[in-house]
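Worksheet: one structure, shown below.
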Amino acid sequence: MVNKIVKKKSSNSELTSLADKIRQRALERQSAGKTSQHDSDNQESSAAGSRKDGSEDEEQEKKQEQEEEEAEEGPQFESFNQLKLVPELLEACATLNYSKPTPIQAASIPPALEGKDIIGLAQTGSGKTAAFAIPILNQLWHDQQPYYACVMAPTRELAAQIKETFDSLGGAMGVRTTCIVGGMSMIDQARDLMRRPHIIIATPGRLMDHLENTKGFSLRKLRFLVMDEADRLLDMEFGPVLDRILKVIPTHGRTTYLFSATMTSKIDKLQRASLTNPVKCAVSTKYETVETLIQALMVVPGGLKNTFLIYLLNEFLGKTVIVFTRTKANAERISTLCNLLEFSSTALHGDLNQNQRTGALDLFKAGKRAILVATDVAARGLDIPSVDIVINYDIPVDSKSYIHRVGRTARAGRSGKSISLVSQYDLELILRIEDVLGLKLPKESVDKAAIMALRDTVDKANGEVVMEMNRRSKEKALRGKGRNHRGKSRDNMDREEQ
Ligand SMILES: Nc1ncnc2c1ncn2[C@@H]1O[C@H](COP(=O)(O)OP(=O)(O)OP(=O)(O)O)[C@@H](O)[C@H]1O
């Protein structure tokens, strides 16, 4: 029945005048009513008038989590045809093998098509990108205008990936997209912006640079603003630049979507995004990992971390692995150590230039390197379906990072495994993570004799790597003397690392 209606609508669509479309949309909005079951969450922003201290905020967050847990399952759709999308989008979904909407898509696309602001919360790998891209593209089809939507993401690699999703979903309708991120030529980007793209996907620092310095570019007519990994964008580090961007983007007539796997419910932070009566679409609680992910830890005695890691990589030979470190230096060191010991590896961190970063990710995605050693710059959003294992060489300092890191595996219903190496210094961190997850992470069994047999080889190789790195950094310091680093800090805003 619903399918038939959609079909009829689409076959007549070419004949329908703009006025008819607008009227029809208004009618659809009316008939859909204001009965969204999620609307109770709107209280979050309207209650913002009264400021609360930290503990009250925490209380409120907990209460809200409970409510979310108790919330009944959202609407179920067996096919995208039921969502009243334009035929081009339905075709694109079919081409991408999206047979039916994921739960977050089923929950958020209908209110988004009604023109509502959305706060979307769902686990890692659950299809949030398409959840915000589909309603934007659907509207764009009716109303093709340049600078129609801007999607902000915290890292360059994630921005590039979001662009790919828009291109694959919107290709058939001729959507023009551009990626505006740090580390690339401002001039080339200014030229791309002058081609008047429909969708801009950007990291905040570089977007601000263009808003301030690129003649003829403004977002005054922007219709959609998306903050992907919104809790990260709304945090202290991005806050000031975000506020400046928001000042030059219209609030009136703009629809705003915030999406993340770990959304903040702090009212003052959400208010920063100037949402209007947002519908909260939460298909998971605030800190939830997916069921298909097996999580474990290994307690590592002092000085044996490298040996444990190499032991694990040997155990997982043939699998695709991401190793997360806390610092850029560790990412570089471990990747070099892996290669020296003949585990094919590449590093991704903010000390590399953008070509090197893109090159490393491409090698890993193409399967030419089995191991990616990365800082938290790769923790959020990256969708690499082949990843089997995530190893936390260093335990992340906050629980959200843990959730995003381990979420690089077990995506879109696949299975995956994460192992965290826990030294005596990390006990407190891991307890806090377990507490937030509501899980006790089991200990991975190890063959101690095999580990001890590896120790000398690994230590010796590591010694060589450290010497080589010291030599390289001295050389670099000499070369870098007197260089002008002006303007670097904002460009580097997307670095989540030390
Ligand atoms: N309806 C669908 N059916 C099947 N696969 C889908 C569907 N929607 C999205 N996917 C796929 O699911 C994978 C994960 O999607 P996506 O990267 O958007 O997840 P996410 O929720 O944004 O994750 P993260 O929180 O880590 O950023 C992608 O490979 C995407 O192509």
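Counting convention: from 1, in listed order, for ligands and their atoms alike.
When each atom of ligand 1 is checked for a heavy atom of Arg408 under 4.0 Å away, the hits are 26 (O). Numbered from 1 in the order shown, with element, the atoms of ligand 1 that lie under 4.0 Å from a heavy atom of Phe80 read 1 (N). Atoms of ligand 1 lying under 4.0 Å from any heavy atom of Glu229, numbered from 1 in the order shown and given with element: 27 (O). Under a 4.0 Å criterion applied to the non-hydrogen atoms of Ala412, ligand 1 contributes the atoms 12 (O), 13 (C).
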Scan the side chains in residues 381-391 for donor-acceptor partners under 3.5 Å anywhere in the protein, sequence neighbours excluded, and list what turns up.
unit_1	atom_1	unit_2	atom_2	d
Asp383	OD1	Arg411	NE	2.7
Asp383	OD1	Arg411	NH2	3.4
Asp388	OD2	Thr320	N	2.8

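When the heavy atoms of Arg411, His404, Gln161 are ranked by distance to atom 26 (O) of ligand 1, first place goes to Arg411. Closest heavy-atom approach to atom 19 (O) of ligand 1 among the candidates Gly127, Ala379, Pro103: Gly127. Of the candidates Tyr98, Phe259, Phe77, it is Tyr98 that places a heavy atom closest to atom 30 (C) of ligand 1.
Checked against ring-ring contact (aromatic ring centres under 6.0 Å, His included), Tyr257 has the following partners two or more places apart in sequence or in another chain: Phe224.
Looking at atom 8 (N) of ligand 1, its nearest protein heavy atom turns out to be Gln105 NE2, 2.8 Å.
Considering backbone and side-chain N/O of Thr129, one or more are found under 3.5 Å from N/O of ligand 1. Looking at Ser126 next to ligand 1, an N or O pair under 3.5 Å apart turns up. The N/O atoms of Lys128, backbone and side chain alike, include one that comes under 3.5 Å of an N/O atom in ligand 1.
By the 4.0 Å heavy-atom criterion, Gln123 is counted among the residues contacting ligand 1. At a 4.0 Å cut-off, at least one heavy atom of Lys100 sits close enough to ligand 1 to count as contact. Taking 4.0 Å as the cut-off, Gly125 counts as a neighbour of ligand 1 on heavy-atom distance.
Within 6.0 Å of NZ in Lys365 there are more than 12 heavy atoms belonging to other residues, nucleotides or ligands.
At a threshold of 4.0 Å, the pair Lys128-Asp228 does not count as salt-bridged, since none of the basic side-chain nitrogens sits closer than that to a carboxylate oxygen. Contact check on Glu444 versus Lys417 returns a salt bridge, with a Lys/Arg side-chain nitrogen under 4.0 Å from an Asp/Glu carboxylate oxygen. Between Asp376 and Arg326, no side-chain nitrogen of the basic residue sits less than 4.0 Å from a carboxylate oxygen of the acidic one, so the salt-bridge criterion is not met. The pair Arg195-Asp192 counts as a salt bridge, with a side-chain nitrogen and a carboxylate oxygen less than 4.0 angstrom apart.
A side-chain donor from one of Thr358 and Gln354 sits under 3.5 Å from a side-chain acceptor of the other.
Residue Asp383 touches ligand 1 through its side chain alone, judged by heavy-atom distances below 4.0 Å.
Remark: Lys305 qualifies as a cation-pi partner of Tyr393 under the 6.0 Å distance and 45° angle criteria applied to the six-membered ring.
When each of Leu309, Leu372, Asp394 is checked for a side-chain contact (heavy atoms from CB on, under 4.5 Å) with Val323, only Leu309 meets the rule.
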